[in-house]
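Note that the structure is a prediction, hence the values are computed from the model and not measured.
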Amino acid sequence: MEKRNTLIFLTANYPYGFGEAFIEGEMPFLAEAFEKIILISNDLNNEQTRSTPDNVELFRFPYELSAIEKLFALFQLFNPLFWKEFKQLSFYKLKPSKPIVSTILFSLYKGKKLIKYMKGIMQKEGVSPEQAITYSYWSNDTAVGLAMLKNELPTIKAVSRGHRWDIYFENASINYLPFRKLMLETLDAVISISQDGIEYIKSKWGVEQLCFSKLRMSKLGVFNEFPFSTEKQNAPFLIVSCSYIITRKRVDLIVQALGELNLPVKWFHFGDGPQAEEVKQLAAEKLSSTKTEYTFAGAVSNTELLEAYAAKKPSLFINVSSSEGIPVSIMEAMSFGIPAIATDVGGNNEILRHQENGLLLASDPTVNEVAEAIKYFVTLDAGQYSTYVKEARKTWEREYNAELNYKEFVGLLKE
């Protein structure tokens, strides 16, 4: 068999725009492990913002369908895969609806488009199926396309990562994700970033136990070469949060909790989003007459964020999302020894150990519960606080160090 020396890597944005910042840490390890990387991004609109290694060739392929393509997708009613997935709806206890049927049809059409495109690139680049490992960063319709490609080219190797919205049905607006059974049955591996994701797939995707051996876990990770201190910062106590400002992230809940506390603290939020103005207005109403100072720092690059943490030395990180995989933002905070408050959703309880490296709240905490958790850290004595700092840093060193985790991931790709 030919050596698998070419990686075909499918992303949503990277290296364009600012999405998928965590791929920046993984890419050098991939580039070292393969002679050639063919990177196919779904981002057609943004400029390239990240440099890539010399052995990476960039291509762009549209993820969304045009209006005419959505009409052509109707012909997928004659595809046997459509009816196989249609029958699968009963296992999920879902009734066929227009949104669900459309989702199945569009997913199939996207898959067929991707197959045609990838075959063309492989022919142009002189890459045989036996030489290639195909890797989708997300278990989305791109991974469905890889499963369909694997059906046509059985000797190609195909894997996908799974994070949060691409694993958990409940995070989809229609409570459904298409072709998950096909994906795990056909791909060589589905690699979840959390154990919670693996357990969910086993119980919810409707896959035979025989396929469970294809499930792997590979944690994400972050780099940090900055020094950290175990000393508590008291002037003022600095709280940070970092997320896209959308409903799921519940940044408004942080505002309400800080408003209820009225403590002399400073809060920085890094990140922007469609609800930013709404949350800023709420902060103006709730915090302007309190002792809390706050700053909305907006969207920043990963480098700028880490430099800010190193310079400002935050004392506490907070994440109160209603849904997560395992947030890279918590990994970044703990790499500086910053204890965290987070909700018990997704894989948060895998990184955050209650009263060791932070406080784990209920999945849907009240304003008062969030406020009391913040107050706990603000009023903690220096010795106890130092223990939390050391445990946070150890969590990163042992479990979320990018160099260790990405080397392990490359091993999974090549096994």
Side-chain angles (χ1 to χ4, degrees), residues 21-22 24-25 193-194 219-243 254 257-258 263-271 293 295 297 300-321 324-344 347-361 370 372-406:
F22 18 87
E24 295 173 37
I193 65 168
S194 70
K219 298 173 182 177
L220 298 179
V222 297
F223 296 93
N224 191 339
E225 297 179 355
F226 293 97
F228 82 105
S229 171
T230 60
E231 294 180 8
K232 186 178 182 182
Q233 304 296 315
N234 290 313
F237 188 92
L238 178 58
I239 301 166
V240 290
S241 53
C242 177
S243 72
I254 301 174
L258 289 170
L263 288 172
V265 301
K266 197 167 187 175
W267 170 49
F268 267 81
H269 180 81
F270 295 91
E293 300 176 50
T295 300
V300 297
S301 70
N302 184 251
T303 300
E304 290 171 325
L305 177 71
L306 298 184
E307 288 175 348
Y309 285 179
K312 297 180 184 301
K313 298 179 172 56
S315 297
L316 179 66
F317 181 88
I318 184 166
N319 175 309
V320 290
S321 296
E324 287 289 357
I326 295 184
V328 172
S329 58
I330 296 182
M331 299 174 202
E332 290 168 336
M334 288 194 175
S335 75
F336 284 91
I338 305 171
I341 293 170
T343 43
D344 190 4
N348 277 358
N349 59 15
E350 295 173 38
I351 185 171
L352 201 155
R353 288 178 280 278
H354 188 63
Q355 290 190 327
E356 289 184 22
N357 57 12
L359 294 182
L360 194 65
L361 303 178
V370 177
E372 286 301 310
I374 295 171
K375 183 179 179 181
Y376 172 82
F377 279 105
V378 175
T379 58
L380 205 58
D381 71 53
Q384 291 174 306
Y385 178 79
S386 177
T387 300
Y388 276 97
V389 169
K390 291 173 183 175
E391 286 302 316
R393 176 75 174 194
K394 285 179 184 176
T395 300
W396 169 71
E397 290 172 342
R398 290 189 303 248
E399 302 175 45
Y400 299 97
N401 184 315
E403 185 166 359
L404 300 177
N405 291 357
Y406 291 142

Would you sort out whether Val240 and Trp267 count as a side chain to side chain contact (heavy atoms under 4.5 Å, CB included), showing the intermediate values? CA-CA 6 Å; Val240 290; Trp267 170 49; 5.9 Å; no
Side chain to side chain contact (heavy atoms under 4.5 Å, CB included) for Ile326 and Leu220? Distances and angles first, verdict last. CA-CA 8 Å; Ile326 295 184; Leu220 298 179; over 6 Å; no
Decide yes or no on side chain to side chain contact (heavy atoms under 4.5 Å, CB included) for Ile318 and Val370, but give the supporting numbers first. CA-CA 9 Å; Ile318 184 166; Val370 177; 3.8 Å; yes
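Scanning both residues, Gly221 and Ala402, for their nearest heavy atoms gives C-CB, 3.6 Å. Considering every non-hydrogen atom in both His269 and Ser241, the closest pair reads ND1-OG, 2.7 Å. Across every non-hydrogen atom of Asn357 and Arg353, the tightest pair is OD1-N, 2.8 Å. Of all heavy-atom pairs spanning Tyr309 and Cys242, the tightest one is OH-CB, 3.9 Å. The two residues Asn348 and Ala342 have their closest heavy-atom pair at ND2-CB, 3.9 Å.
Here the straight-line distance linking atom CD of Glu332 with atom CG of Asn224 works out to 9.0 Å at 0.5 Å rounding. For the atom pair Met334 CE and Phe317 CZ, the distance stands at 9.5 Å (nearest 0.5 Å). A distance of 7.0 Å separates CD1 of Ile374 from CD1 of Ile254, quoted to the nearest 0.5 Å. Expressed to the nearest 0.5 Å, how far CD of Glu324 lies from CG of Leu352 amounts to 12.0 Å. Atoms CZ and OG1, on Phe237 and Thr379 in that order, are 9.0 Å from each other to the nearest 0.5 Å. Of the inter-residue distances, the one linking Ile193 atom CD1 with Phe22 atom CZ reads 8.0 Å to the nearest 0.5 angstrom.
Under the 30°/60° scheme for interplanar angles, the aromatic rings of Phe377 and Tyr388 are found to stand perpendicular.
In Glu403, the CD atom is not crowded: 12 or fewer heavy atoms of neighbouring residues, nucleotides or ligands sit closer than 6.0 Å.
Side-chain contact between Val265 and Pro236: absent, with no pair of heavy atoms (C-beta onward) separated by less than 4.5 Å. Residues Ile351 and Glu399 are not in side-chain contact: their nearest non-hydrogen atoms beyond the backbone lie 4.5 Å or more apart. Looking at heavy atoms from C-beta onward, Ser329 lies out of side-chain contact with Phe270 at the 4.5 angstrom threshold.
In terms of modelled atom types and a separation under 3.5 Å, the side chain of Asp344 and the main chain of Leu360 share no donor-acceptor contact.
Judged by the 6.0 Å distance and 45° axis criteria, Lys313 is not positioned over the aromatic ring of Phe336.
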